[in-house]
A.B. asks: 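The structure follows.
A note on names: the letters A, B, ... follow the listed sequences, proteins ahead of strands, and every chain is numbered from 1. Keep in mind that what you see is a predicted model, and the values were worked out from it rather than measured.
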Protein chains: 2
Amino acid sequence: MSRWRPDARERLQQAALDLFAEQGFAATTVPEITARAGLTTRTFFRHFADKREVLYADDAEVPAMVATMMAEAPPSAEPLALIVEGLRTVAETRFEPRKAALLARRELVRTDAGLQERDLRKRAVMSEAIREGFQARGVDPARAALLAETSVTLINVSLAEWLDAPDDRKLYDIILETLATLRSALG
Amino acid sequence: MSRWRPDARERLQQAALDLFAEQGFAATTVPEITARAGLTTRTFFRHFADKREVLYADDAEVPAMVATMMAEAPPSAEPLALIVEGLRTVAETRFEPRKAALLARRELVRTDAGLQERDLRKRAVMSEAIREGFQARGVDPARAALLAETSVTLINVSLAEWLDAPDDRKLYDIILETLATLRSALG
DNA sequence: TATGGTGATGACACGACGTGTCATCACAGG
DNA sequence: CCTGTGATGACACGTCGTGTCATCACCATA
């Protein structure tokens, strides 16, 4: 038997999610989490930068994934088509299969200002990745920033709607509708 | 003579800004700030919700101002025209006269992740105010959310560009350019 | 003039977060 | 068998932010 039970990170994450669901985010202390996971407080902060990060561990690689997608797309691809295609992949691989978890997280975030700020930061990181992706493709900086912010707006507005929609609604379809709405609004 | 020197809030704000400029945000403690202002730590937190808020005190009333403007605009106004006109007012009254302060704040925010999160939260609050303004005018929820997010994107992308532009460039002109760029990018 | 209310501040304790640092010790590789 | 490595424990510590009670100039009113 090894010195410690394996999967410390996963145990911490599970304990944290359980406790947040039971008593809320703010009311849960890090020592409580680590006690349930059978570890020490210090170890929690070796795996997660802070208490909020544990809620976003599953999304850590998404920006890099987006960057890769953008780098590998054919040079001829139009920015808007690139966005739509990218959002489709992210929607299908990262969001559609996790609706319940995303709903639970949204509920938690709603209750805590600090979590809202962290949520916004994650969006900003995503926007930054997209912006860099466009700039690497030769799009000029101002346009790249604008396209990136707009992409993030598209996914977030659509995501919010999808989370409240019946289960048979596809996120990708909502994204397309949202894009159409945006176009008509700027008409 | 009154029991305490007046303007406690302003003194705290000034002391904080000075110290942040001298030693950075993270390296400055709240007791340092209050010592310089001649007050106690507890008093700081009576005037500002947390250490970061002191940097945003001057913008506290902006969302309410936007809400008022939107409520008072003639019912016939088109959403897009409303946005442009609103951004013009905000640009001229709240941003143009404060370029130096805004540059200094941006520099501080750049150095601290926590400040970045707070900055994003302020944008989200603004977006929320705009969204509610549109909904109160009868715009349907999805469209209102989209218009609000897009408005905030417009002002932020434009603001970033304006802060780096020569002093004779007008923020409002940059906003118009940004809007044109956005239209063409979605075209 | 007296009196009682009010509102801003001080003083103090405290819990929680997050970090620095050193010790421990199973495990892998030579 | 030996040695380095990497994950964890143990512990101290600084900072943030809140709860609570005391203080006391100022003000309104009788």
A.B. asks: Report yes if a donor N or O on one partner sits less than 3.5 Å from an acceptor N or O on the other, where the partners are the side chain of R46(B) and the base of dG10(C); otherwise report no.
C.D. replies: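 Indeed there is one.
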A.B. asks: Given dA8(C), dC16(D), dT8(D), identify the nucleotide with an atom nearest to the side chain of W4(B).
C.D. replies: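 Given the options dA8(C), dC16(D), dT8(D), the side chain of W4(B) is closest to dA8(C).
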A.B. asks: If you compare all heavy atoms of A26(B) against all heavy atoms of D112(B), which two are closest, and at what distance to 0.1 Å?
C.D. replies: CB-OD2, 4.0 Å
A.B. asks: Without decimals, in angstroms, what is the distance between F45(A) CZ and dT21(C) C1'?
C.D. replies: 17 Å
A.B. asks: Specify the separation, in whole Å, of atom CG of D50(A) and atom C1' of dG17(D).
C.D. replies: 16 Å
A.B. asks: Is the phosphate of dT9(C), meaning OP1 or OP2, less than 4.0 Å from a side-chain N or O of H47(B)?
C.D. replies: yes
A.B. asks: Taking the nucleotide of DNA chain C with the closest heavy atom to each, which residue, T40(B) or R52(A), is nearer the 5' end?
C.D. replies: T40(B)
A.B. asks: Do R9(A) and Q13(A) pass the side chain to side chain donor-acceptor pair (under 3.5 Å) test, and can you show the C-alpha distance, the side-chain angles, and the key distance before you say yes or no?
C.D. replies: CA-CA 6 Å; R9(A) 183 184 175 89; Q13(A) 197 179 349; 5.3 Å; no
A.B. asks: Assign each of R42(A) and V30(B) to its nearest nucleotide of DNA chain D by heavy atoms, then name whichever residue's nucleotide is nearer the 5' end.
C.D. replies: R42(A)
A.B. asks: Hey, does T28(B) reach any base, or is it just sugar-phosphate, or nothing, if we go heavy atoms under 4.0 Å?
C.D. replies: sugar-phosphate
A.B. asks: Has T43(A) got a side-chain N or O lying under 4.0 Å from the OP1 or OP2 atom of dG9(D)?
C.D. replies: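 For dG9(D), OP1/OP2 do have a side-chain N/O of T43(A) under 4.0 Å.
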A.B. asks: Pair D59(A), R105(A) - check side-chain contact (heavy atoms from CB on, under 4.5 Å), show working.
C.D. replies: CA-CA 12 Å; D59(A) 296 327; R105(A) 186 170 77 184; 2.7 Å; yes
A.B. asks: Please find the pair of heavy atoms, one from A144(A) and one from Q135(A), that lie closest to each other, and give the distance.
C.D. replies: CB-CG, 3.8 Å
A.B. asks: Taking CZ from R5(A) and P from dA7(D), how many angstroms apart are they, rounded to a whole number?
C.D. replies: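 Answer to the nearest Å: 18 Å.
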A.B. asks: Let's test your reading of the model: under 3.5 Å, does the base of dT23(D) pair with the side chain of R3(B) as donor and acceptor?
C.D. replies: yes
A.B. asks: Between L17(A), V54(A), T34(A), which is the residue that forms a side chain to side chain contact (heavy atoms under 4.5 Å, CB included) with L12(A)?
C.D. replies: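 Of the listed options, the one satisfying the test is T34(A).
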A.B. asks: Return the value, rounded to whole Å, for the distance between atom CZ of F25(A) and atom C1' of dA16(C).
C.D. replies: 12 Å
A.B. asks: Between dA11(C) atom P and L39(B) atom CG, what is the distance in whole Å?
C.D. replies: 11 Å
A.B. asks: Could you give the CD-to-C1' distance, from E32(A) to dG18(C), as a whole number of Å?
C.D. replies: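 Rounding to the nearest Å, CD of E32(A) and C1' of dG18(C) are 17 Å apart.
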A.B. asks: Output the rounded distance in Å from CZ (F48(A)) to C1' (dT19(C)).
C.D. replies: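 It works out to 18 Å between those atoms.
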A.B. asks: Find the distance K51(B):NZ to dG18(C):C1' and express it as a whole number of Å.
C.D. replies: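 Rounded to the whole Å, the gap is 13 Å.
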